[in-house]
Amino acid sequence: EAGVAQSPRYKIIEKRQSVAFWCNPISGHATLYWYQQILGQGPKLLIQFQNNGVVDDSQLPKDRFSAERLKGVDSTLKIQPAKLEDSAVYLCASSGRDRAYEQYFGPGTRLTVT
Amino acid sequence: LAKTTQPISMDSYEGQEVNITCSHNNIATNDYITWYQQFPSQGPRFIIQGYKTKVKNEVASLFIPADRKSSTLSLPRVSLSDTAVYYCLVAFDTGRRALTFGSGTRLQVQP
């Protein structure tokens, strides 16, 4: 079974630029999560999708972050414009309907904003 | 205030049992408590989850007291490859189901 795929693995941008991250969850997984993990901290949930609907986006900075999950499969997370404090690893995870609490994580995208 | 508390770090030797506790208040009554392991430059990996009392699988045990205000991950006979950061994940009931990872416990296993 293929795991959660994310790209790119690394990205360096200047502040005020925009960036987009892509995630392909495990086939058949209805729930998709985006997390932000700042160095030395636990992952922080940004947004949770159930199929293509948003379940929780309460911690997503909506003035600069946006996410979509078209057709309930792949997802894209965008930051526009980026700030220095957005430097972090962005993790995507997915879970199946019958094991909603067992999340499978991708390798993450390390973003550096200079 | 919804908050989890974990020890920042722990040291152990190969072959010993390690217990890592996560304290949490006001977690959702119908949600599981889950533990993850994370190696550098990788995403977290599921270890075990439980609702109450004790759960055991091939790699770990999870103890949850009746009041569910804490949980303890038990790793039997650790090896060098268990050196990693361990996180608890809970759902707080704050009017919505707030999935929250702990701050993590860095476990260092020595030979």
Side-chain angles (χ1 to χ4, degrees), chain A residues 1-11 21 23-26 29 31-50 54-60 77 88-112, chain B residues 2-9 20 22-24 27-28 30-52 55 57 59-60 62 64 68 71 73 84-107:
Chain A
E1 172 180 81
V4 175
Q6 290 189 247
S7 67
R9 290 296 312 276
Y10 305 92
K11 190 74 176 179
F21 312 126
C23 173
N24 183 236
I26 292 174
H29 278 193
T31 308
L32 185 147
Y33 313 79
W34 281 103
Y35 290 89
Q36 179 193 60
Q37 186 172 28
I38 293 172
L39 186 64
Q41 298 182 17
K44 182 180 85 169
L45 180 66
L46 293 176
I47 189 168
Q48 177 184 345
F49 292 95
Q50 180 75 20
V54 176
V55 173
D56 183 0
D57 63 356
S58 57
Q59 298 194 94
L60 186 73
L77 176 69
V89 175
Y90 290 85
L91 294 162
C92 178
S94 68
S95 62
R97 184 182 298 276
D98 59 342
R99 298 297 296 271
Y101 304 97
E102 184 172 346
Q103 299 180 34
Y104 294 82
F105 283 80
T109 297
R110 182 176 298 277
L111 174 67
T112 301
Chain B
K3 181 182 177 183
T4 60
T5 302
Q6 296 182 237
I8 294 174
S9 64
I20 305 173
C22 175
S23 299
H24 32 71
I27 62 171
N30 58 350
D31 250 297
Y32 283 86
I33 296 166
T34 313
W35 282 80
Y36 288 82
Q37 176 192 56
Q38 187 175 30
F39 296 111
S41 300
Q42 295 185 22
R45 184 174 71 98
F46 173 88
I47 302 173
I48 194 169
Q49 70 180 25
Y51 180 73
K52 61 180 178 180
V55 180
N57 63 20
V59 298
L62 180 60
I64 302 170
R68 289 172 34 95
S71 59
L73 173 72
V85 179
Y86 293 83
Y87 294 97
C88 60
L89 172 64
V90 298
F92 285 103
D93 186 3
T94 60
R96 62 174 180 83
R97 179 175 176 261
L99 280 176
T100 304
F101 271 90
S103 53
T105 298
R106 184 174 300 277
L107 173 64

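Remember, predicted model here, so these are calculated numbers, not experimental data. In the text below, chain A, chain B and the rest are named by the order of the sequence lines, each starting its count at 1.
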For the pair A:Tyr10 and A:Thr112, evaluate side chain to side chain contact (heavy atoms under 4.5 Å, CB included) and give the outcome as yes or no after the intermediate values.
CA-CA 8 Å; A:Tyr10 305 92; A:Thr112 301; over 6 Å; no
Heavy-atom contact with chain A under 4.5 Å, split by part of B:Ser103:
backbone
Hey, mind stepping through A:Ser95 and A:Tyr33 against side chain to side chain contact (heavy atoms under 4.5 Å, CB included) and telling me if it holds?
CA-CA 9 Å; A:Ser95 62; A:Tyr33 313 79; 3.1 Å; yes
Could you pull out every donor-acceptor pair under 3.5 Å between side chains of residues 39-50 of chain A and any protein atom, sequence neighbours left out?
| residue | atom | partner | partner atom | Å |
| --- | --- | --- | --- | --- |
| A:Gln50 | OE1 | A:Thr31 | OG1 | 2.6 |

Side chain / backbone / both / neither for B:Tyr87 at chain A, heavy atoms under 4.5 Å
side chain
Contact part of B:Ile47 toward chain A, heavy-atom cut-off under 4.5 Å: side chain, backbone, both or neither?
neither
Name the region of B:Gln6, side chain, backbone, both or neither, that has any atom closer than 4.5 Å to a heavy atom of chain A.
neither
Please work out which of the three classes, parallel, tilted or perpendicular, describes the rings of B:Phe101 and B:Tyr36, given edges at 30° and 60°.
tilted
